[in-house]
Each structure stands twice: as C-alpha cells, then as structure tokens.
Amino acid sequence: MDSPKIAVIGAGVVGLSVAKILQEELRGSDISVIAEQFKDDTTSAVAAGIFRPGPSFRGSTQDITKKWIKDSWHYWVNILKTAEAPQAGVTSLSSYLFSNNSHVTRNHLIEDLVPVYRPVTGEELKICGGDWKYGAYYSTVLIECKRHLPWLEAIITSNGGKMVNKRIDSLSSLRGKYDLVFNCSGMGAEKLCGDLDLVPIRGQVLKVDAPWVKTAFYGDYDTYVIPGFDGVVTLGGTRQYDSYNTEVCKHDTAAIWERCCNLVPGLKRAKVVDQKVGLRPHRTPVRVEPELVEGSKVVHCYGHGGYGVTCAPGTAIDAVKIGLDLLKTNVKYKI
Ligand SMILES: Cc1cc2nc3c(=O)[nH]c(=O)nc-3n(C[C@H](O)[C@H](O)[C@H](O)COP(=O)(O)OP(=O)(O)OC[C@H]3O[C@@H](n4cnc5c(N)ncnc54)[C@H](O)[C@@H]3O)c2cc1C
Ligand SMILES: *[C@@H]1O[C@H](CO)[C@@H](O)[C@H](O)[C@H]1NC(C)=O
Ligand SMILES: *[C@@H]1O[C@H](CO)[C@@H](O)[C@H](O)[C@H]1NC(C)=O
C-alpha cells in the first residue's frame, strides 16, 4: 500500500507517542495529529511525569500489563542514554516512599525492572518529617511533558507529520478521509465514544520553585514531592474519583501545602509558581484495541489513568502494531 493516510486524535503523551512510533514503523506515511489541546493545555502537562505504575494500571491480562510496563521502561532508558535526553525532558530520578502500611512500599510492577528497589534503613526512615514505619528507596526516570511534548511534536513534523488544531465531535466527520484513525483522546474519549467505563480521577498539584530538592518523596494520603527540570518541584496531590472539577480548589491547595511541608519541611521556603488541575482518564482495563466503526478502521488507545506518562510508549507500541495489521486487512468485521 502506498502512503496510507492516518489520523491520530489527541496530542497528549499517548497520541504523540503513537504518532512518533508509527512514523518509525511506516516510513512515508501521511500522519495528521488532530487535537483540541496541545502542549501545556493537555492533562499530560499537569503530570509530574515520574515512572511509577500503580496497581490500578491494568491491561486486559497481567502479561499484557507487564509487557507495557517493560517496553515503556526500555523506551525511556533508550532516550535517557542519548544526548537528546534533556531536550526530551527525560532524566533519572531517585525516590523515597514512606508509609505506615507495609504493602504500600512494595511495587511488584517495577521491583525487578528498575536498577534499585529496596527497603529503607532505620536511618533513612528519619530523613523526612513525620514518624514513618515503612519505606522504600528506588531509582527511576522522570519524563517532563512540558519538554517532552514539544520535542515529540518537532520530531513528528520534521518527518512530515501535521499538527491540526481541531475538535472532533464524531468519527463521521473523518469518514472517507483516512485509512486508519487512532483514538488517543484521553478523557475526551468519554464523550467521543460514550465509553462509560472511563472515569475521571481528579488531581490537583502545586508547582513550586525549589531547586534544592533533588530527590522525590512520597508519604501517605497521596502526598508527593517530585523535582522536575529548571528547579520546579511538583507538590501533590489529590485523587478524587469521578470528579469533573477542573478548577483549583483552595482547600486542596491548603491540604497539599501542609502535607508536603510536613514531609519535606524545607519547602516552607519555596515560592508557588503555578497550580494545576487534571482529570486522569481512568479505565480498567486501559483500552488498546481495534474497532471497525461504520466501516472505518479505528485503533483505541486511552484510559491510562494516573500512569499515562509512564506507560504511553508500551501501549503505543501495541496500538501501532494493531494498526499496521488492520491496514493490511480488507475485512468488514466488527471486533
Ligand atoms: C495531578 C496529576 C499527576 C499525574 N502524575 C503522573 C505521573 O507522575 N506519572 C504518570 O505516568 N502519569 C501521571 N498522571 C497521569 C497522566 O497525566 C495521564 O495518564 C496522561 O496525561 C494521559 O495522556 P493522554 O495522552 O491519554 O491524555 P491527554 O494528555 O489528556 O491528551 C488528550 C488529547 O486528546 C485531545 N482530545 C480529546 N478529546 C478530543 C476531541 N473530541 N477532539 C479533538 N481532540 C480531543 C485533547 O485535546 C488532548 O490533546 C498525572 C495526572 C494528573 C492529573
Ligand atoms: C504513622 O505511625 C506513627 C506511629 O504510630 C504515627 O506517629 C504517625 O503519625 C503515623 N503517620 C501517619 C501519616 O499516619
Ligand atoms: C472512538 O471510538 C468510539 C467507539 O468506541 C467511536 O464511537 C468514536 O467515533 C471514536 N472516535 C474517533 C474520532 O475515532
């Protein structure tokens, strides 16, 4: 087939990862990334971007979940090893995780994947504010979307891809124009697909200027302090199930500030530079599958919840593979 026309709906970390991987697999393809929001306006840009999948991140089987996580890890490490890493917003990061529940400090999804994952020593238990019973220390990567999304866009456009700023209200508006469509619309898929399994988990964060913080720290009750690029540290957070409120809530601000300052008291000196709210597109399982919608070939890739930055590459690799197979078929079946 010569030069198939492909649309990717969504310019968050998932859609742009799909577009980049697709260009590598299918040279000369004609790709348009169509989205209502780009760069800093996406949910992806709210995320601190730490690689740390949690138990609510699920594929349709345990093997698929593990494969997505493993493929993602290797994808990030491959970028980390290049001179492009800072421009791509990828850096290595160490993290302490403290809790009063022993099971919280384990992470079966990454314990055997990241270079270091171990229980803390008694001395380490005392380095943060609070009287913690358990802790873990691990090394991981951080992907800051403020840098990563523009980096991806530049690569995609330099390879001939187009960025189209448009809202898509139904697939019928695209029908006949594309050989293949990727649905990477995050929370937008709820309206677009009427997918009732997709639930928003509201997250609020503060961005503070605190260049002296070099390590990530987690405490109980969704408390986290995650350093990014340029001295900006993300303080979180909230995890409000089924909340659509995208406004900053001053009570959440106060609670986040108090919890983070208790954990890392030096933050009391930090200046708040921004506050952000995002709706994590949660779905069990994450939807990565083909569908024939009114004769059009569609591959869905959405529902990454709180782990979309972490696992975008692994799911995108599968979505692209499914898409390439679909392009080869002539069938008019519904999956
Ligand atoms: C506070 C907070 C902290 C987080 N921290 C982390 C973290 O540390 N690590 C991690 O891995 N994940 C984290 N996440 C989760 C992560 O942000 C999401 O999983 C991820 O951004 C989902 O990416 P996405 O590309 O699917 O969605 P989005 O970034 O929301 O992108 C969706 C795209 O689709 C477009 N779109 C939607 N509907 C339409 C339509 N009808 N027409 C046209 N375009 C449309 C949008 O405009 C946008 O471009 C966090 C989330 C929040 C809220
Ligand atoms: C953890 O347990 C200790 C000891 O019981 C207690 O002092 C501390 O307040 C607890 N921390 C949290 C966050 O609940
Ligand atoms: C996304 O998928 C749903 C089917 O679940 C479909 O109804 C919708 O039109 C798709 N959107 C696009 C733009 O592909």
Side-chain angles (χ1 to χ4, degrees), residues 7-18 33-54 57 69 72 76 93 95 98-101 125 128-134 140-145 148-149 163-171 173-174 182-193 198 200-207 216 218-224 226 228 234-240 246 252 256 259 262-263 275-283 286-287 301-312 315-316:
V8 176
I9 302 173
V13 67
V14 175
L16 294 180
S17 299
V18 164
V33 176
I34 307 173
E36 196 177 7
Q37 279 116 6
F38 285 87
K39 300 189 177 96
D40 283 0
D41 296 329
T42 62
T43 305
S44 299
V46 177
I50 193 169
F51 181 96
R52 185 197 173 219
F57 179 80
I69 294 169
S72 298
W76 296 127
L93 180 68
S95 176
F98 297 111
S99 178
N100 272 359
N101 297 300
L125 265 185
C128 273
D131 191 8
W132 302 102
K133 291 187 185 147
Y134 305 99
T140 187
V141 294
L142 174 120
I143 307 97
E144 187 166 294
C145 281
H148 192 63
L149 299 186
M163 298 292 150
V164 183
N165 189 190
K166 195 163 81 179
R167 185 187 161 82
I168 304 294
D169 288 312
S170 72
L171 186 66
S173 64
L174 298 176
F182 287 88
N183 225 342
C184 309
S185 50
M187 209 51 235
E190 192 206 20
K191 285 198 201 90
L192 216 52
C193 310
L198 196 64
I201 301 179
R202 179 182 179 277
Q204 181 174 322
V205 291
L206 315 186
K207 304 269 179 181
Y218 284 84
D220 278 334
Y221 314 127
D222 290 313
T223 304
Y224 52 85
I226 303 175
T234 302
L235 311 188
T238 68
R239 218 168 263 271
Q240 292 138 346
T246 54
D252 287 338
I256 291 167
R259 283 188 270 125
N262 285 341
L263 186 65
Q275 302 202 50
K276 289 207 160 217
V277 174
L279 305 180
R280 302 173 179 93
H282 175 70
R283 188 183 191 274
V286 180
R287 190 172 189 204
C301 192
Y302 63 80
H304 298 65
Y307 311 103
V309 181
T310 297
C311 291
T315 54

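Just so you know, ligand 1 is whichever comes first in the structure, and atom 1 is the first atom listed for that ligand.
N100 places a side-chain N or O within donor-acceptor distance of the main-chain N or O of K133, the cut-off being under 3.5 Å.
Against a heavy-atom cut-off of under 4.0 Å, V46 is close to the following atoms of ligand 1: 1 (C). Heavy-atom contacts of T310 reach the following atoms of ligand 1: 9 (N), 10 (C), 11 (O) (cutoff under 4.0 Å). For ligand 1, the atoms sitting less than 4.0 Å from at least one non-hydrogen atom of G278 are 53 (C), numbered in the order shown with element in parentheses. Atoms of ligand 1 found under 4.0 Å from any heavy atom of G203 (numbered from 1 in listed order, with element): 1 (C). Interface atoms of ligand 1 facing G188, defined by a heavy-atom separation under 4.0 Å, are 37 (C), 38 (N).
Residues T42 and C145 fail the side-chain proximity criterion, which asks for heavy atoms closer than 4.5 Å. Side-chain contact between F38 and N165 is present, with at least one heavy-atom pair separated by less than 4.5 Å. With a 4.5 Å cut-off on side-chain heavy atoms, I256 and V205 do not count as touching. Residues R239 and R280 meet the side-chain proximity criterion, which asks for heavy atoms closer than 4.5 Å. In this structure, S72 and F51 have side chains that are in contact, with non-hydrogen atoms separated by less than 4.5 Å. The side-chain heavy atoms of V309 and H148, taken from C-beta on, include no pair separated by under 4.5 Å. Residues T238 and D222 form no side-chain contact, since every pair of their non-hydrogen atoms from C-beta on lies 4.5 Å or further apart.
Distances from atom 9 (N) of ligand 1 to the heavy atoms of I50, V164, I143 show the closest one on I50. The heavy atom nearest to atom 39 (C) of ligand 1, considering only G237, A35, C301, S185, is found in S185. The heavy atom nearest to atom 27 (O) of ligand 1, considering only C311, C184, G186, is found in G186.
Separating the NZ atom in K207 from the OG1 atom in T234 is a distance of 3.0 Å, to the nearest 0.5 Å.
Contacts between K166 and ligand 1 below 4.0 angstrom, taking non-hydrogen atoms only, involve the backbone exclusively. Contacts with ligand 1 closer than 4.0 Å are made by no heavy atom of P53, backbone or side chain. Counting heavy atoms under 4.0 Å from ligand 1, residue V205 touches it through the side chain alone.
Ring geometry for Y307 versus F57: interplanar angle over 60°, hence perpendicular rather than tilted (30 to 60°).
By the 3.5 Å distance cut-off applied to N or O atoms, R167 is not counted among the residues near ligand 1. Polar contact check, G305 against ligand 1: a nitrogen or oxygen pair lies under 3.5 Å apart. Looking at ligand 1, you won't find any N or O of A47 less than 3.5 Å from one of its N or O atoms. Residue-to-ligand polar distances place Q37 within reach of ligand 1: an N/O pair is separated by less than 3.5 Å.
Each of N100, D131, W132, K133 has a non-hydrogen atom positioned under 4.0 Å from some atom of ligand 2.
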